[in-house]
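Both counts, for ligands and for their atoms, begin at 1 and track the order of listing. Side chains are part of it too, since the values below use all heavy atoms of this structure and drop only hydrogens, waters and symmetry mates.
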Amino acid sequence: MDSIVVKGNGPLKGQIPIAGAKNACLTLMPATLLSEEPLTLTNAPRLSDIKTMSALLESLGAEVSSLQDGKVLALSSHNIDNHVADYEIVRKMRASNLVLGPMLARLGHAIVSLPGGCAIGARPMDLHIAALEAMGAEIELKEGYLHAIARGGLKGAVHELRFASVGATENTVMAATLAKGTTVLKNAAREPEIVDLVHCLRKMGAQIEGEGTSTITIQGVDRLNGATHPVVTDRIELGSYMLAPAIAGGEVELLGGRINLLAAFCEKLDAAGVSVTETEKGLMVARKGDLIHSVDVVTEVYPGFPTDLQAQMMALMCTADGTSVLEEKIFENRFMHAPELIRMGANIDVQGGVATVKGVKRLKGARVMATDLRASVSLILAGLAAEGETVVSRVYHVDRGYEHVVAKFAGIGAQIERVKE
Ligand code: EPZ
């Protein structure tokens with residue numbers, strides 16, 4: 001199994017190109033199931049999760065070709081001959097549940113394995129099920145599989161999500177594109193990845209309004225056509241790399257970055273003493289002075305502070321001049337990185353969903369273990385500011401969401417390498 005070795009090496013300098021968004025691509029790919037015509041996604045990220053989604057779609061009968069070194073995905077669902085999303089694939093990646101809505105809408109039936117829990121939380125699918133049932137689907141759980149059927153096809157409905165779930169919004173919006181009549185989804189999630197999905201669906205002929213707001217209206221149509229669509233920039237990859245010059249010093253330009261993708265996060269960086277300025281090509285990030293100031297953070301649904309940047313922000317707060325309080329409100333178990341940061345000399349006290357971080361003068365290198373995707377990058381960031389060597393194991397987590405992570409950090413002067421252990 002591979003590990004990543006990082007040596008704190010002082011200020012960083014250079015540019016990092018930001019890829020297309022994993023969490024947009026993972027919902028755009030299942031949209032191919034809604035049409036018999038080809039869907040081409042450009043600016044696609046090269047990640048293991050994308051390969052998993054490709055394998056899932058191929059298991060359903062879709063064709064997925066990866067072109068131009070993986071940056072272009074050519075998808076076609078002309079012949080969907082299997083409506084069962086198998087546990088062996090779904091258990092590897094929760095986002096596999098995003099085939100439920102499109103399959104139900106296109107085929108009128110679907111059998112999708114429940115993903116089960118993951119490191120950061122139980123992550124049930126009750127909100128997805130409630131929305132699809134409101135559109136007339138009958139859904140039953142049998143032996144760990146959701147058996148869904150829409151007799152006579154899905155029907156438009158007015159439905160309010162109990163919580164603005166990203167996945168439930170995506171499944172419902174995709175399903176509603178082919179439903180009879182109009183669907184009004186209230187308390188919908190507003191994430192940029194959902195806006196990107198709707199832009200693609202509209203190119204495919206869907207009639208949708210309200211993306212980016214909490215009420216999305218979808219007028220069902222008989223069929224959707226093919227399209228070509230560029231995947232939106234990955235705001236979480238962007239935010240993760242913005243923290244590199246913040247935690248280690250120096251100045252780095254993030255190519256393709258935009259403040260409007262991460263406004264709440266940029267506000268916190270500003271308060272912490274980090275300058276973020278838009279350039280022609282992206283964002284320039286640097287410390288304003290020698291010190292990082294402690295700031296309090298509460299994770300929220302978009303446009304609030306993203307939970308997917310909480311672990312990375314905690315790494316920065318470990319080096320701040322003062323005490324910060326981080327509250328995780330989206331997932332019930334998303335502080336697994338804290339004990340690993342404590343191994344590096346951090347001072348963190350976790351009580352339920354609240355972590356109190358007292359900044360220390362300098363972190364110290366240590367052997368640490370990645371527990372989930374975002375935790376893995378927070379440990380690499382901590383290693384950039386630590387004295388000595390940090391060895392991060394279980395880095396298969398990082399491959400799920402960060403392409404060429406070692407090359408990108410090395411490109412700005414970090415002392416980092418991937419080793420076989
Ligand atoms: C998406 O997950 C992202 N994944 C997550 O990113 C991200 O953390 C999350 O949204 C929140 O922003 C993808 O887009 C592939 P939710 P999703 O449904 O759709 C509860 C990463 O690091 N809930 O908005 O699964 C759920 O348990 C990943 O890239 C229900 O209770 O998130 C959680 O506590 C991690 N019932 C909360 O809502 C449901 O039916 C938010 O979940 C659905 C969700």
Side-chain angles (χ1 to χ4, degrees), residues 19-31 45 47-50 52-53 56 90 92-101 112 114-134 139 141 146 159-174 185 187-197 214 231-232 234-240 261-262 264-265 299-313 328-334 336-337 353 370-378 397-403:
K22 167 181 83 80
N23 290 347
C25 203
L26 288 177
T27 187
L28 288 163
M29 293 172 76
L47 305 167
S48 58
D49 272 7
I50 301 302
T52 306
M53 182 59 85
L56 175 62
V90 175
K92 289 192 200 130
M93 181 186 69
R94 307 186 46 73
S96 307
N97 63 18
L98 294 172
V99 300
L100 176 61
V112 175
L114 261 187
C118 88
I120 63 178
R123 304 182 74 178
M125 282 187 66
D126 57 316
L127 299 172
H128 302 237
I129 295 166
L132 294 170
E133 286 178 337
I139 302 181
L141 178 64
L146 292 175
H159 181 75
E160 176 147 5
L161 290 175
R162 174 177 53 73
F163 178 83
S165 150
V166 171
T169 300
E170 292 164 342
N171 249 329
T172 310
V173 167
M174 288 193 277
L185 185 61
N187 195 27
R190 303 167 55 192
E191 273 68 3
E193 294 74 32
I194 291 168
V195 172
D196 200 42
L197 171 68
S214 40
V231 180
V232 71
D234 194 321
R235 64 194 168 101
I236 306 301
E237 186 197 26
L238 171 64
S240 303
L261 283 169
L262 282 175
F265 174 73
T299 64
E300 292 170 288
V301 296
Y302 191 88
F305 190 100
T307 172
D308 294 347
L309 286 171
Q310 176 260 100
Q312 301 92 316
M313 192 67 177
E328 174 56 56
K329 292 184 95 171
I330 306 295
F331 291 103
E332 64 271 27
N333 185 34
R334 203 169 202 180
M336 303 278 277
H337 39 283
T371 47
D372 61 75
L373 167 58
R374 306 305 172 182
S376 56
V377 165
S378 82
H397 286 293
V398 86
D399 297 335
R400 299 189 56 179
Y402 295 86
E403 62 169 37

- request: Take Asn97 and Arg94 through the side-chain contact (heavy atoms from CB on, under 4.5 Å) test and state the conclusion after the steps.
  value: CA-CA 6 Å; Asn97 63 18; Arg94 307 186 46 73; 4.2 Å; yes
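A salt bridge links Asp308 to Arg334: at least one charged side-chain nitrogen sits closer than 4.0 Å to a carboxylate oxygen.
Near ligand 1, residues Lys22, Asn23, Ala95, Ile120, Arg123, Pro124, Met125, Asp126, Leu127, His128, Arg162, Phe163, Ser165, Val166, Gly167, Thr307, Asp308, Ile330, Phe331, Arg334, Leu373, Arg374 come within 4.0 angstrom through at least one heavy atom.
A donor-acceptor pair under 3.5 Å links the side-chain atoms of Glu237 to the main chain of Ala19, judged by distance alone.
Under the 4.5 Å side-chain criterion, counting only non-hydrogen atoms from C-beta, Arg374 is not in contact with His337. In this structure, Asp234 and Lys22 have side chains that are in contact, with non-hydrogen atoms separated by less than 4.5 Å.
Across all their heavy atoms, His128 and Gly167 have their closest contact at CE1-C, 3.2 Å.
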